[in-house]
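Written out below as structure tokens is the structure these notes cover.
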Amino acid sequence: MTDPLLQVENLGKRFGGFVALDGINLDVANGERLGLIGPNGSGKSTLVNCLCGTLHNETGAVRFNGTPVNGLLAHQRTHLGMARSFQLPRPFHTLTVAENLRVPLLYTVNARPDTSLSESEIEDRCHEFLRLVSLEHKARKMPRDLTQVEMRKLELARAMAADPKLLIADESMAGLSQSEVKDIVALLIRLNERGITIILIEHIMSAVMSFSQRLVVLVSGKKIADGNPDDVIRDPEVERAYLG
Amino acid sequence: MRNWQFFLAALAVSGLAYLGTRLIGNDYVYFAGYVVLQFVVLATAWNILGGYCGYVNFGSAAFFAIGAYSTVALHKFPQLSARYLPETLNSVVEFIFPLSIPVMIVIGGAIAGLVGLGTGYLTLRLRGVFFAIATLALAVVLQTLIVNWDYVGGSRGAYIIRPNTTPYFDINYIEYLFIIMLLLAVIAITVARSIERSQLGYGFATIRDDELAAEATGVPTLRLKLIATTLSGAFMGMAGAPFPFYIGYLEPSSAFGLAYAVNAIAMPMIGGTTSWVGPLLGAILLGTLQQVASVTISSAVSLLIVGLLLVFFVIIAPNGIIGLWQDYFPRKEAPARENSKAEAT
Amino acid sequence: MDFPFELLLNALIAGLLLGGFYAAVTVGISISFGILDIVNIAHPAFIILGSYIAYIVNQRLGLDPILTAVIVLPVFYMLGSAVYQVYYLSFEKRGQEALRGLAFFFGLLFVTEVLLILVFGVDYRYVQAAYIEKTLRFGFFDLPLRMLVPFLVSAVLLAGLQIFLSKTFTGRAIMAVAQDQLALSLMAADPIRIKRIAFAISIATAAIAGALLIIIQPVEPSVGREYIGRVFAICVLGGMGSLPGTVIAALLLGIVESITSTFYGPSWAPAVAFGFLLLTLAVRPAGLLGR
């Protein structure tokens with residue numbers, strides 16, 4: 001068996017006296033579709049921020065693709081192949097939609113020693129990713145002209161443009177309609193079929209259940225369940241955390 | 001237009017402007033024009049950090065003064081070496097000195113750039129406003145150092161005798177300084193414009209828009225910010241380097257004057273901060289206005305006008321004159337950067 | 001060589017008195033920058049404005065500067081309220097406070113300074129009051145009333161504000177606005193109104209600080225600039241918005257400055273504050289006491 005793509009060992013993070021993450025262990029295999037759920041304040045976003053280098057964990061270690069990433073800055077982790085989308089979309093609002101995608105192409109893909117995209121290749125890739133999320137017709141618009149769902153798609157496309165091995169999608173569907181949620185789930189599955197490992201953090205259970213091959217539950221900074229989605233949601237401890 | 005084409009075009013335009021001043025045939029044009037051009041360089045330099053990256057520098061006067069005082073220090077160096085250095089070394093010094101103004105501009109720029117790098121390194125890992133406050137602090141620390149440094153004149157100030165002749169052409173010295181500042185302005189604007197249209201420009205824009213998202217897409221934000229503080233500081237220092245020769249008598253309060261700090265901010269803000277046109281436009285308009293107002297009314301009133309315009313513009317027209325222009329004559333879709341595809345490589 | 005013990009002791013006491021005054025100068029910034037996150041670099045200009053008002057009233061009517069300050073408090077409060085309204089509508093609401101909000105306050109600072117120069121010129125102005133020339137002597141150390149009175153007024157001001165912030169409903173709402181806007185709206189308080197009140201109070205303190213300033217030293221329009229670095233150094237060092245922290249940091253800076261100017265000469269004193277600030281920013285950005 002090959003090594004997992006992402007290995008998290010005993011990860012811990014505190015804010016002052018508040019324990020946000022308490023000894024999290026998690027392995028994610030290459031090509032996997034992992035769902036991560038938990039009530040508000042359970043530490044999901046903190047976990048994402050620690051994985052991506054936005055926050056620094058106090059204890060434990062994270063290995064990505066065999067490389068220890070503790071102490072690496074966020075952009076260095078992106079260069080290694082970790083990409084994320086933000087809970088609230090954070091487009092570069094003075095750049096056009098297409099230019100938003102240029103940034104990861106210029107700074108991540110082109111920064112790799114073995115790649116050097118020409119100007120026309122960058123142009124092509126931008127349009128490829130825009131096509132993937134069906135935003136081609138908005139290429140020259142500014143982000144403020146996009147609708148909610150288009151903004152989410154831009155956020156995902158920008159993460160994808162960094163050519164990641166692992167994509168962490170942080171609540172990509174909050175506030176969207178039923179059909180829009182389906183749209184995004186289908187998109188994520190398409191991306192996964194291209195060989196990208198995806199961690200989906202989500203509140204909308206129908207989306208999580210149709211997407212995930214494996215489900216992890218966080219409660220109060222602890223991992224309380226990890227396994228087959230259908231089994232996990234029937235786990236009494238999980239039910240208690242959600243209902244009680 | 002490619003960068004070298006733009007550079008040549010800008011050179012041609014400034015050459016025409018220079019010919020125009022010769023037709024007027026009055027040295028006052030050079031005295032006034034020098035100040036306006038100096039502000040073009042200063043405003044363009046400020047905008048590289050302030051406009052492109054969104055980091056406000058209140059200490060422009062400090063960087064300007066570093067350039068000016070490095071010139072004073074270099075100018076006085078032969079006296080020092082004649083007194084203290086051994087004969088052989090002194091003869092080397094006498095061979096090299098006096099340095100020509102372009103050389104002093106490069107040295108002044110290098111020192112100011114290093115100070116910019118240091119300031120950035122100390123503060124840029126913190127929130128943006130701390131950088132702004134630190135630059136305010138920097139100005140006072142440096143002024144205190146200069147006031148207490150006798151070699152460059154201390155609080156009394158230093159005299160620099162402006163030579164009567166110029167090294168190369170048979171022109172008045174003030175005309176020579178004017179030409180140098182004109183060239184410096186062309187260089188600063190070309191550099192600013194080429195940044196806008198390069199990978200660096202995209203990186204700067206992401207820092208201005210959202211640093212967290214910039215890091216997440218792979219932009220090394222800290223390194224880029226240090227590049228910006230260094231470049232910006234260096235150009236401010238270059239703008240200040242010839243100043244002692246222009247003014248003839250340099251004292252700390254004139255080199256560190258608040259007018260530089262205010263103008264460096266007001267000019268890009270009033271012109272528009274997103275492209276090189278803004279600072280250029282702002283500097284020419286405000287610089288000329290101040291020259292006229294200082295002569296016809298008083299210099300205090302001219303500064304008051306600048307301050308009021310700054311407050312007025314940030315409230316009423318947040319994107320400056322360029323923003324107003326674009327509101328009235330909207331372009332089809334993608335604004336700016338449209339033609340970058342052909343150029344960036 | 002025997003150590004100049006008396007000199008040191010006098011420098012310490014002078015520094016303590018000076019530091020007390022610095023606390024009054026800084027408390028406005030501690031509220032606006034520390035608590036509300038509004039980078040009001042024009043605050044020193046409002047202080048100088050306060051000094052000049054105290055000067056005019058003192059010169060024309062012979063009124064005590066501190067009394068004048070108390071009388072004009074409502075005017076400064078309204079001025080602060082108006083400035084916040086403009087700031088909120090033009091910058092905070094549009095999310096442009098970072099770049100343009102800073103430029104706005106910088107413009108205000110500059111305009112105020114130039115206006116004062118145009119009206120009063122660049123000559124130093126001073127006030128007259130019975131206590132300014134007097135000095136209390138205790139053995140070998142001196143307590144000039146010129147410093148002692150501002151120190152005491154400042155102590156009253158800070159104590160009053162601390163009680164207001166910790167004991168009243170509005171005061172606690174102001175402290176909450178810094179941490180949690182949601183909690184604030186649960187308290188049924190409009191965050192904008194609370195912020196406006198807090199900012200207005202911060203500007204009102206400038207009236208008092210201005211009067212104290214002109215009691216301590218003669219004032220000219222650009223004196224305010226020397227205080228920009230000091231107030232931010234103290235505010236950051238004091239842990240951003242904690243009044244006890246502000247007092248401790250102010251006293252510390254006063255003492256260090258006083259010792260520096262006693263032993264190395266007054267021309268080095270301004271650099272001390274900024275050196276402090278740069279060091280604080282580089283080494284311990286959370287301030288001495290933290291939040």
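Just so it is clear, the model here is predicted, and its values are computed rather than measured. Sequence lines set the chain letters: A, B, ... in the order given, protein chains first and strands last, and positions in each chain run from 1. Computation of the quantities below employed the complete heavy-atom set of this structure, encompassing side-chain atoms and omitting hydrogens, waters and symmetry-equivalent molecules.
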When you compare the side chain of C:H43 with that of C:Y227, does any pair of heavy atoms fall below 4.5 Å?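 In short, these two side chains do not touch, never coming nearer than 4.5 Å.
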For residues B:Y69 and B:P252, determine if any side-chain heavy atom of one lies less than 4.5 Å from a side-chain heavy atom of the other.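 Yes, side chains in contact.
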A quick test of your reading: do over 12 heavy atoms of other residues, nucleotides or ligands sit less than 6.0 Å from CZ of C:F120? yes
Is it the case that atom OH in C:Y264 sees more than 12 heavy atoms from other parts of the structure closer than 6.0 Å? no
So for C:F105, is it side chain, backbone, both, or neither that comes closer than 4.5 Å to the heavy atoms of chain B? neither
Side chain, backbone, both or neither: which part of C:V111 has a heavy atom under 4.5 Å from chain B?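 Its backbone and side chain both get close to chain B.
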For chain B, which candidate among C:I228, C:V114, C:I41 shows the most heavy-atom pairs at distances under 4.5 Å?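 If we count pairs closer than 4.5 Å to chain B, C:V114 comes out on top.
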Relative to chain C, which segment of [X] carries a heavy atom at a distance below 4.5 Å: side chain, backbone, both, or neither?
{"X": "B:A300", "result": "both"}
{"X": "B:I265", "result": "side chain"}
{"X": "B:A266", "result": "neither"}

Can you find a side-chain donor-acceptor pair between C:T246 and C:S30 that sits under 3.5 Å? yes
Among the listed options B:T144, B:V306, B:T273, the residue most often paired with chain C at heavy-atom distances under 4.5 Å: B:T144
Options B:L310, B:L304, B:I305, B:I316, ranked by heavy-atom pairs under 4.5 Å with chain C, top entry: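 Option with the greatest count: B:L304.
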Let's go through C:F33 and C:I38 carefully: what are the C-alpha distance in whole Å and the side-chain angles of both, what is the deciding distance for side-chain contact (heavy atoms from CB on, under 4.5 Å) to 0.1 Å, and is it a yes or a no? CA-CA 5 Å; C:F33 179 48; C:I38 298 172; over 6 Å; no
